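Both backbone and side-chain heavy atoms feed into the values below; hydrogens, waters and symmetry mates do not. Whatever order the structure lists them in is the order used to number ligands and atoms, beginning at 1. None of these values were measured; they are calculated from a predicted model.
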Amino acid sequence: MRLTKAFQPTLKEVPAEAQIASHRLMLRAGLVRQTSSGIYAWLPAGLRVLRNIEQIVREEQDAIGAQEVLMPTLQSADLWRRSGRYDAYGPEMLRIQDRHGRDLLYGPTNEEMITDIFGASVKSYKDLPKALYHIQWKFRDEVRPRFGVMRGREFLMKDAYSFDATYEDAVASYRRMMLSYLRIFQRLGVRAVPMVADTGPIGGDLSHEFLVLAPTGESGVFFDAALEEQDWLGRPVDCDDHESLATFFSTVTDHYAATDEKHDEAEWAKIPEERKREGRGIEVGHIFYFGTKYTESMDIEVIGSDGASFHPQMGSYGIGVSRLVGAIIEASHDEAGIIWPTSVAPYRAAILNLRQGDEACDAICESIYGTDPENLLYDDRSDRAGVKFNDADLMGHPWQIIVGPRGAKEGKVELKQRVTGERFELSVEDALAKIG
Ligand SMILES: Nc1ncnc2c1ncn2[C@@H]1O[C@H](COS(=O)(=O)NC(=O)[C@@H](N)CS)[C@@H](O)[C@H]1O
């Protein structure tokens, strides 16, 4: 993308209500614009990050055998009356009436809907297990939306739902999702700590949440360093074997991790000093096992191998996809701006032409840009170098390919790595090889 063509309205100043770094930087870098309280429009560069996160989530959910569906945002109130949650859910639920006076709602989550869809077509235990997920906008009428997209009212969630014949199978599904989540967060380039959590309005008795470590996290976090020294992607786990899943799961549950609400000093004292970690965390994912809560309340049954019918066991598994854009910035920025992990960055690199109009500079920039115009941002403005450096640091590209008139004459460029600040004088092909 050429910056002279891009719609990326950067800001010098931000509105006073932007209290935390990610909110300020998302506005200043032109990633989003608020359209009303807690509701945002995603501008091109911000949307590219959102899509990159979605794709990593999608790949790792598919990898454990979950199947993607897409459920609507609008749901019938009758569905929620069947589960008994319509009145219980409270003022966060946005209730709507259509022209025929029918009660609808903008979905805050989809347990009822997926259970209804599943129950209408699955009649036999032979059709189990099933794991279905979608990536869809949700609405929760938060009384005090704040911190930009981190606590919005309309937000993007990946929510998955598992259906199993037995408790053991449901626990295996839960552990498969735990593994998938740890792989997702590792690929996103964040440090996410899994810990035992409350079940809240979703229900059930087994739940973990995943907190990304960031100084402005809403929760205090105490955890054993062993939890984040794992390579979840490199770890071989046979997702079809309950033993293999149990061994993996014990790697997680054997190590201490708790938010300040649940912190247990006695347990904490047992951990060697050098393995104790404390910090602040942002909740980016939350998984629940809740058995037959919805299949019973909505009367969904399948026929077992013995001919008797039973309520399938369920779990639900959420990731805050839009919240992650803010959480990643909270975890990875400096005073100059955003520092995107390579896996989610809107562009692989920014090409900075320090003298637009100089024949050698323009020629080198055009040849580099031509190698991947879709994923390189070419700052072809006639602004002076300082403006280009500041904007590139603000936007957070993992690499800056700096083309000045002296270097250009010798076919050389300067490469700057955003996360380390390191600079390299390289030929064009070596620079392209280095940014990968
Ligand atoms: N107001 C919000 N703004 C942005 N993200 C949110 C908001 N509320 C929740 N989330 C994200 O959505 C994730 C899942 O939400 S949840 O309520 O914990 N879980 C569920 O809704 C379950 N139905 C999982 S399928 C949270 O971990 C959080 O990362």
Undergrad: Does the residue Gly285 have a heavy-atom contact with ligand 1, meaning some pair of atoms that are separated by less than 4.0 Å?
TA: yes
Undergrad: Which ligand 1 atoms does Phe288 reach within 4.0 Å, using its non-hydrogen atoms?
TA: 19 (N), 22 (C)
Undergrad: Assess, by modelled atom type and distance only, whether the side chains of Gln55 and Arg58 contain a donor and an acceptor separated by less than 3.5 Å.
TA: yes
Undergrad: Identify, by atom number and element, the atoms of ligand 1 in contact range of Ser316, meaning under 4.0 Å from any of its heavy atoms.
TA: 22 (C), 23 (N), 24 (C), 25 (S)
Undergrad: Can the ring centres of Trp340 and Tyr347 be said to be less than 6.0 Å apart?
TA: no
Undergrad: Tell me, please, which residues at least two apart from Ala336 pass side-chain contact (heavy atoms from CB on, under 4.5 Å).
TA: Asp334, Asp393, Arg418
Undergrad: What atoms in ligand 1 come closer than 4.0 Å to a heavy atom of Tyr317?
TA: 24 (C), 25 (S)
Undergrad: For Gly436, is there any backbone N or O sitting under 3.5 Å from a side-chain donor or acceptor partner on Arg348?
TA: yes
Undergrad: Heavy atom under 4.0 Å from ligand 1: found in Glu209's side chain, backbone, both, or neither?
TA: neither
Undergrad: Taking distance alone, with no angle check, do Ser322 and ligand 1 share an N/O pair under 3.5 Å?
TA: no
Undergrad: Is the gap between the ring centers of His242 and Phe249 under 6.0 Å?
TA: no
Undergrad: Backbone N or O of Thr4 within a donor-acceptor pair of the Asp380 side chain at under 3.5 Å?
TA: yes
Undergrad: Taking only heavy atoms of Gly152 into account, list the atoms of ligand 1 that are under 4.0 Å away from them.
TA: 1 (N), 2 (C), 3 (N)
Undergrad: With atoms numbered from 1 as shown, which atoms in ligand 1 lie under 4.0 angstrom from a non-hydrogen atom of Glu283?
TA: 18 (O), 26 (C), 27 (O), 28 (C), 29 (O)
Undergrad: Can you sort out which atoms of ligand 1 are near Val284, meaning under 4.0 Å from one of its heavy atoms?
TA: 27 (O), 29 (O)
Undergrad: List the residues meeting side-chain contact (heavy atoms from CB on, under 4.5 Å) with Glu335, not counting sequence neighbours, and say none if there are none.
TA: none
Undergrad: Number the atoms of ligand 1 from 1 as they appear, then name those within less than 4.0 Å of a heavy atom of Glu142, with their elements.
TA: 1 (N)
Undergrad: For atom 23 (N) of ligand 1, which of Thr109, Asp141, Leu156, Asn110 has the closest heavy atom?
TA: Thr109
Undergrad: For Asp159, counting its heavy atoms only, list the atoms of ligand 1 lying under 4.0 Å from any of them.
TA: 25 (S)
Undergrad: Any idea which heavy atoms bring Ala18 and Arg24 closest together, and the distance?
TA: O-CG, 3.4 Å
Undergrad: My understanding is that we take every heavy atom of each candidate and find the minimum distance to atom 14 (C) of ligand 1. Doing that for His134, Glu92, Arg151, Met157, which one comes out nearest?
TA: Met157
Undergrad: Give a yes or no answer on whether the side chain of Arg153 reaches the backbone of Ser37 with a donor-acceptor pair at less than 3.5 Å.
TA: yes
Undergrad: Applying side chain to side chain contact (heavy atoms under 4.5 Å, CB included) between Met1 and each of Asn375, Leu376, Leu377, report the one that passes.
TA: Leu377
Undergrad: Measuring from atom 20 (C) of ligand 1, which candidate in His286, Arg323, Lys138, Arg140 has the nearest non-hydrogen atom?
TA: Arg140
Undergrad: At the 4.0 Å heavy-atom cut-off, does Glu111 count as touching ligand 1?
TA: yes
